[in-house]
2 protein chains.
Amino acid sequence: MSIPDERDLVSPAASGHGRHIPPASLARLTVYLRVLGTMMTEGIERVSSEELAEAAGVNSPKLRKDLSYLGSYGTRGVGYDVPYLSGQISAALGLTLDWRVAIVGAGHLGRALAGYPGFGSRGFEVVALFDADQMAVGQEVGWLRISPVEAMESILEKTRANMAVLAVPAEAAQGMCDRLVDAGITSILSFAPVVLQVPAEVQIRKVDMATELQILAYHAQRAQVSALATDAQARMLR
Amino acid sequence: MSIPDERDLVSPAASGHGRHIPPASLARLTVYLRVLGTMMTEGIERVSSEELAEAAGVNSPKLRKDLSYLGSYGTRGVGYDVPYLSGQISAALGLTLDWRVAIVGAGHLGRALAGYPGFGSRGFEVVALFDADQMAVGQEVGWLRISPVEAMESILEKTRANMAVLAVPAEAAQGMCDRLVDAGITSILSFAPVVLQVPAEVQIRKVDMATELQILAYHAQRAQVSALATDAQARMLR
DNA sequence: TAATGTGAATACTTTCACAGCA
DNA sequence: TGCTGTGAAAGTATTCACATTA
C-alpha cells in the first residue's frame with residue numbers, strides 16, 4: 001500500500017481546490033488582494049477581470065488563470081463581487097489564521113517594519129521587537145517596547161510568535177536565524193544580504209535591495225547600449 | 001527568494017555577448033556576485049561550481065547554466081578564479097557604470113536605505129535623500145543632508161541621479177513616481193504597497209513586505225493543514 | 001582525471017482562443 | 001450578449017547526463 005500524496009489529503013474547503021498554487025500566481029494573488037482592499041474602501045462592489053487586471057498591472061487572461069487555481073468565484077457575463085472575492089483569496093492564502101510576527105533588529109529597518117501599517121490591516125500582528133543594543137532596549141516603537149535579544153526565546157514562546165523578520169546586519173543574521181529555528185519558528189523573512197542555511201522544513205524568503213538595484217542596472221545598461229547601437233546604425237545609414 | 005517576476009521588454013542588444021540574460025538567472029547572478037565578494041575578502045582565490053553553488057544556496061548544474069549565459073569563464077578540471085569571475089559578472093550586469101541613486105522619502109525606511117552599506121560597496125552611490133516634511137529637511141543622515149521634495153527636479157539634475165528608490169507612503173507614491181519619470185528617471189525601485197502606472201520604457205521593481213509575509217503564511221498554513229490531515233489519517237489507520 | 005559547458009528532456013508559466021454560463 | 005473559466009499551444013526555466021578540455 002502506498003502512502004497518498006499529502007496534497008490529496010487537504011480538504012477542498014480548507015484551501016480552495018486543495019491543489020497547490022503555483023508560486024508565480026501566489027505572488028500575484030497578494031497584489032489582487034491589496035487592490036481589492038483599496039476598491040472596498042472606495043465602495044466598489046463589482047469588478048470585471050479586465051478592470052481588476054488593469055488595476056493590478058497584469059493582463060486579464062493571466063488574472064483569470066490565477067483565480068482559477070482557487071476556484072470559480074466570478075459570475076459569467078457579470079464579473080466578481082469585490083468583498084466576496086477578497087474573502088476567498090484571503091482564505092486560500094491562510095490569512096484568516098492568526099499570524100504573530102517577531103521582528104529581530106530594531107535599527108531603522110526594524111522600526112520601519114514595526115510601524116508599517118500594511119501589516120495590521122492584513123492579518124499580521126507584530127508581537128515583539130528585539131535588539132542587541134542595550135541603548136535601544138526599552139525604547140518604545142509604536143505600541144511596542146524593544147526587548148533584549150538575550151530574552152528572545154522566552155519572549156517568542158510567551159507571545160506565541162509564529163513568524164519572524166530578520167532585520168539585522170549581515171554578520172549577525174545566520175546566528176539569529178539559527179536561534180529562531182531552534183525556538184521553533186518555521187517562517188522567516190530576511191532582509192540581511194547573506195545566504196542563510198536552514199533546515200528544509202523552514203520556509204525562508206529574502207529581500208535584498210542591492211539585488212533589486214543590480215537588476216535595474218542591468219536593464220538600464222542594456223537600454224543604453226542598444227540606444228547607442230541604434231544611434232550608430234542611424235549614422236551609418238545616413 | 002525573489003518573487004518570480006514579470007515581463008522582459010528589452011530590445012535585442014548589439015554588443016558584447018548580445019544575448020539577454022533570463023530574468024531568473026539574472027536574479028541569481030546577483031547572489032553569486034555577493035558570495036564571490038565575501039570569498040574575496042576571505043582570501044579564497046579559486047572555487048568549483050559545486051562549492052559556489054553550495055554557498056549561494058542553489059544546485060551546481062543551475063549555477064553552471066546561469067554562468068553559461070555570460071560566457072565561459074571557468075577552467076575545466078579546475079574551477080573558477082574568484083576575482084576574475086566576479087569581475088565578469090559585474091561587467092555583464094553593467095555594474096562598472098556609474099549608478100547614482102536618489103531616495104525619495106526619509107522616514108525610517110528611507111534612512112535605513114541611505115545608510116545601507118551594501119550600496120556603496122556594490123557600485124551604487126546614494127546622491128540625494130528627499131522628504132516632504134519640513135522638520136526632516138536639513139537633517140543629516142550619514143553623509144547626506146535631507147533635501148526638500150519641492151526641489152527634487154533640480155537636485156536630480158544637479159546630482160545626475162539615474163535611479164530612484166521610492167520609500168514614501170502609499171498615497172504619495174504615484175505622484176512622486178510621476179515626477180521622477182517626468183524628470184527623466186527610467187529605473188525605479190518602489191517600496192510603496194501600491195501598483196504604480198509608468199510608461200513602458202521605465203523599468204520598475206517592487207518590494208512589498210506584506211506580500212512576502214503572505215507568501216510565507218500560505219506555505220505555513222499548508223504545512224499545518226497537511227500535518228492535521230496526516231494526523232487524522234494516522235488515527236483512522238489505528 | 002576532475003570539473004566545466006551545453007544539448008536534450010522535463011517541468012513550469014504564460015498566452016490564447018473559445019466553450020460555457022448567467 | 002458579455003464575461004468567466006479552462007484546455008491546448010507557446011514560451012521559459014530547470015534538470016540531467018555527458019562530451020569536452022585543461
Quiz item: side-chain contact (heavy atoms from CB on, under 4.5 Å) with Gln221(A): which residues, sequence neighbours excluded?
Solution: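 Partners of Gln221(A) under the side-chain contact (heavy atoms from CB on, under 4.5 Å) test: Tyr218(A), Val225(A), Leu97(B), Trp99(B).
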
Quiz item: Among all residues two or more places apart in sequence or in another chain, which pass the side-chain contact (heavy atoms from CB on, under 4.5 Å) test with Glu45(B)?
Solution: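 Expected list: none.
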
Between [Y] and [X], is there a side-chain heavy-atom distance shorter than 4.5 Å?
X	Y	result
Met163(B)	Leu216(A)	yes
His219(B)	Leu26(A)	yes
Ile188(B)	Val165(B)	no

Quiz prompt | Summary of protein contacts for nucleotides 12-22 of chain D, nucleotide by nucleotide, where a base hit scores B, a sugar-phosphate-only hit scores S (4.0 Å, heavy atoms) | solution = -SSBBB-BBBB

Quiz prompt | Partner residues of Asp182(B) under the salt bridge (Lys or Arg N to Asp or Glu O under 4.0 Å) criterion, sequence neighbours left out | solution = none

Exercise. Please list all pairs passing the side-chain hydrogen bond (donor to acceptor under 3.5 Å, both in side chains) test where one or both residues lie in residues 162-176 of chain A, with sequence neighbours left out.
Key: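 Residue pairs with at least one partner in residues 162-176 of chain A: Gln174(A)-Asp178(A).
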
Exercise. Please list all pairs passing the salt bridge (Lys or Arg N to Asp or Glu O under 4.0 Å) test where one or both residues lie in residues 75-104 of chain B, with sequence neighbours left out.
Key: Asp98(B)-Arg100(B)

Practice problem: Please list all pairs passing the salt bridge (Lys or Arg N to Asp or Glu O under 4.0 Å) test where one or both residues lie in residues 85-94 of chain B, with sequence neighbours left out. | Solution: none

Using atom [atom1] of [X] as one end and atom [atom2] of [N] as the other, report the distance to the nearest whole Å.
X	N	atom1	atom2	answer
Leu63(B)	dG5(C)	CG	P	10 Å
Asp81(A)	dT4(D)	CG	P	13 Å
Tyr32(A)	dT4(D)	OH	P	13 Å

Exercise. List in numerical order all residues of residues 82-94 of chain B for which some heavy atom is under 4.0 Å away from an atom belonging to DNA chain C.
Key: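 Contacting residues: none.
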
Practice problem: Scan residues 45-52 of chain B against DNA chain C and write down, sorted by residue number, each residue with any heavy atom closer than 4.0 Å; if none is found, say none. | Solution: Ser48(B), Ser49(B)

Exercise. Take the C1' atoms of the five end pairs on each side of the helix from dT1(C)-dA22(D) to dA22(C)-dT1(D), derive the two axes, and give their angle rounded to 10 degrees.
Key: 10°

List the atom pairs, donor and acceptor, that lie under 3.5 Å between side-chain atoms in residues 196-203 of chain A and the rest of the protein, sequence neighbours left out.
none

Quiz item: When you look at CZ of Arg46(A), are more than 12 heavy atoms from neighbouring residues, nucleotides or ligands closer to it than 6.0 Å?
Solution: no

Quiz item: Out of curiosity, Lys65(B) NZ to Ser25(B) OG, how far, rounded to the nearest 0.5 Å?
Solution: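 That separation rounds to 9.0 Å.
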
Self-check item: Residues that Ser86(B) engages under side chain to side chain donor-acceptor pair (under 3.5 Å), provided they are two or more places apart
Solution: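 Side chain to side chain donor-acceptor pair (under 3.5 Å) check on Ser86(B) returns nothing, list empty.
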
